Amino acid sequence: MELSFIERGIVAAVLIGLIAPMIGSILAVRRASIISDSLSHVTLTGISAGVLLGQTMNFIEINPLYTGFAFSLIGSLIIEKLRQTYYHFQELAAPIILSAGIGISAVIMSASRAGYSDWYDYLFGSIVSVTGEDLVFIISTAIAVIIIFLLLYKEFISVSFDQEYAKVSGISIKWINFLFSLLVALVISMSMKVVGVLLVGALVSLPVAAALQVAKSFKQLLLWGIILGETAVLAGVYFSYHFDIATGGMIVVTSSFLLLIIIIQKNFRYAFDGRKR
C-alpha cells in the first residue's frame, strides 16, 4: 500500500521521536550531549557534498541522506579519536568538529547551484519532503538502532557510567564506543529530513533534559525521554502542518515548552512542600 506524503512524514516522525531520546539518554550520562550538535553540522557537510555531487555527476543519482550518514559516521569516529587525543580536555573535541563542519558546509553550499529553498528542508526539516526512499532508510535505520541498543544495553550502560569497571569486566571499550558512534551517526542522519540538521541536536537533548527532572533511575530516564520525545514530535508535526511552519522548529519549540513546564512544576512543588514544613 502506497503511503501519502503526510503519512510518510508521520511514520518517520514517530520513529525519530522514539530513537532520538534513547541515544540522548546515553549522551547525557556521558556528559557529551554537545556531540549531537557537532555531528549534525558534519551531516550538513555530507548533505552539501551529496547535492554538489548530484549536480556535477548527472549520470549517478545520489541521495544526500546517504552521504550525510557517511560524513556523520566519519565525524563521530574523529570526535572519539580527538577525545582520546585531548584526554584531559575532551570537551574540545565537539567544538573542533562543529567548527570544521560549518566551515566546509559553507564552502560547498556556495559552490553549489542549489538555492535557499533547496536547502530549507534539510536545514529546518519538513514532513512533506519525506520520500518513499527516505522512509525506507529511516525505518531500516530505526530497526538497526533498536536492535544494537537492546543487544548491547548493559555494555553501553557500563561504559557510560564506569569505564574502569567495564574494562575490568572484559568489555572492549573501543569497540563499544565505535558502535555507539555508529548509533549516533544513524540517529542524526535519519532525523534530518523531519527535524533538520540544525535542530536535530535539540531533539536528542531536550526531551532527556526534561526527563532528568522527573526520572529516578536510568530506565525511567529512557521511558520519560521517549514519552516526552514522542509528545514533542507529534505535537510539532501537527502544528507545523496546520500552520505551515517549519517542522523541526515547531518540534524544538514544543520540546522547550515541555521542559519549561516540568521545571516550573517541579520548583512550584518544592516551594509548596517547603511552606508545609
Side-chain angles (χ1 to χ4, degrees), residues 2-25 28 33 36-37 40-41 43-44 47 64-65 68 115-135 137-139 141-142 145 187-215 221-268:
E2 187 70 22
L3 297 177
S4 66
F5 69 92
I6 187 64
E7 290 172 335
R8 291 195 298 268
I10 291 174
V11 171
V14 168
L15 290 173
I16 292 165
L18 169 67
I19 300 300
M22 289 172 56
I23 301 304
S25 298
S33 296
S36 59
D37 281 317
S40 67
H41 289 81
T43 304
L44 179 59
I47 293 171
L65 275 176
Y116 174 76
S117 59
D118 297 309
W119 297 112
Y120 185 86
D121 291 344
Y122 289 114
L123 293 173
F124 301 108
S126 173
I127 58 170
V128 300
S129 68
V130 178
T131 65
E133 184 181 357
D134 295 337
L135 186 60
F137 174 78
I138 292 171
I139 292 174
T141 299
V145 170
V187 170
I188 297 296
S189 57
M190 73 179 280
S191 304
M192 60 188 179
K193 259 307 184 69
V194 173
V195 187
V197 292
L198 295 184
L199 300 172
V200 64
L203 181 60
V204 171
S205 58
L206 285 176
V208 177
L212 282 168
Q213 297 294 315
V214 295
L221 178 64
L222 272 177
L223 178 61
W224 275 109
I226 291 171
I227 291 172
L228 293 168
E230 291 288 14
T231 302
V233 163
L234 292 175
V237 166
Y238 176 83
F239 288 116
S240 70
Y241 178 73
H242 285 280
F243 295 101
D244 194 23
I245 302 172
T247 307
M250 200 65 238
I251 290 173
V252 172
V253 168
T254 307
S255 296
S256 302
F257 181 74
L258 290 173
L259 174 59
L260 180 62
I261 291 297
I262 289 174
I263 290 175
I264 292 174
Q265 184 271 337
K266 185 177 180 180
N267 289 336
F268 179 80

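Bear in mind the structure is a predicted one, so any value in this text is a computation, not a measurement.
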Nearest 0.5 Å please: distance from the [atom1] atom of [X] over to the [atom2] atom of [Y].
X: S240; Y: I245; atom1: OG; atom2: CD1; answer: 7.5 Å
X: I16; Y: T141; atom1: CD1; atom2: OG1; answer: 9.5 Å
X: S255; Y: L228; atom1: OG; atom2: CG; answer: 8.5 Å
X: L18; Y: I227; atom1: CG; atom2: CD1; answer: 11.5 Å
X: Y238; Y: M250; atom1: OH; atom2: CE; answer: 12.0 Å
X: I251; Y: T231; atom1: CD1; atom2: OG1; answer: 12.0 Å

How far apart are the closest heavy atoms of [X] and [Y], and which atoms are they?
X: M22; Y: I226; value: CG-CD1, 3.9 Å
X: A210; Y: I262; value: CB-CD1, 3.7 Å
X: V208; Y: A28; value: CG1-CB, 3.7 Å
X: I138; Y: A12; value: CD1-CB, 3.7 Å
X: P207; Y: P21; value: CB-CG, 4.4 Å
X: A142; Y: L15; value: CB-CD2, 4.1 Å

Is there a donor-acceptor pair closer than 3.5 Å between any side-chain N or O of K266 and the backbone N or O of Q213?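 Yes: the side chain of K266 pairs with the backbone of Q213.
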Decide side chain to side chain contact (heavy atoms under 4.5 Å, CB included) for V195 and T247; before the verdict, give the C-alpha distance in whole Å, the side-chain angles of both, and the deciding distance to 0.1 Å. CA-CA 6 Å; V195 187; T247 307; over 6 Å; no
Is there side-chain contact between F137 and S189, with heavy atoms separated by less than 4.5 Å?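 Side chain of F137 against side chain of S189, heavy atoms only: contact under 4.5 Å found.
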Before giving the answer on side chain to side chain contact (heavy atoms under 4.5 Å, CB included), spell out for V233 and V14 the whole-Å C-alpha distance, their side-chain angles and the decisive distance to 0.1 Å. CA-CA 7 Å; V233 163; V14 168; 5.7 Å; no
Which of these passes side chain to side chain contact (heavy atoms under 4.5 Å, CB included) with S256: V252, V253, L259?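 Filter result, single survivor: V252.
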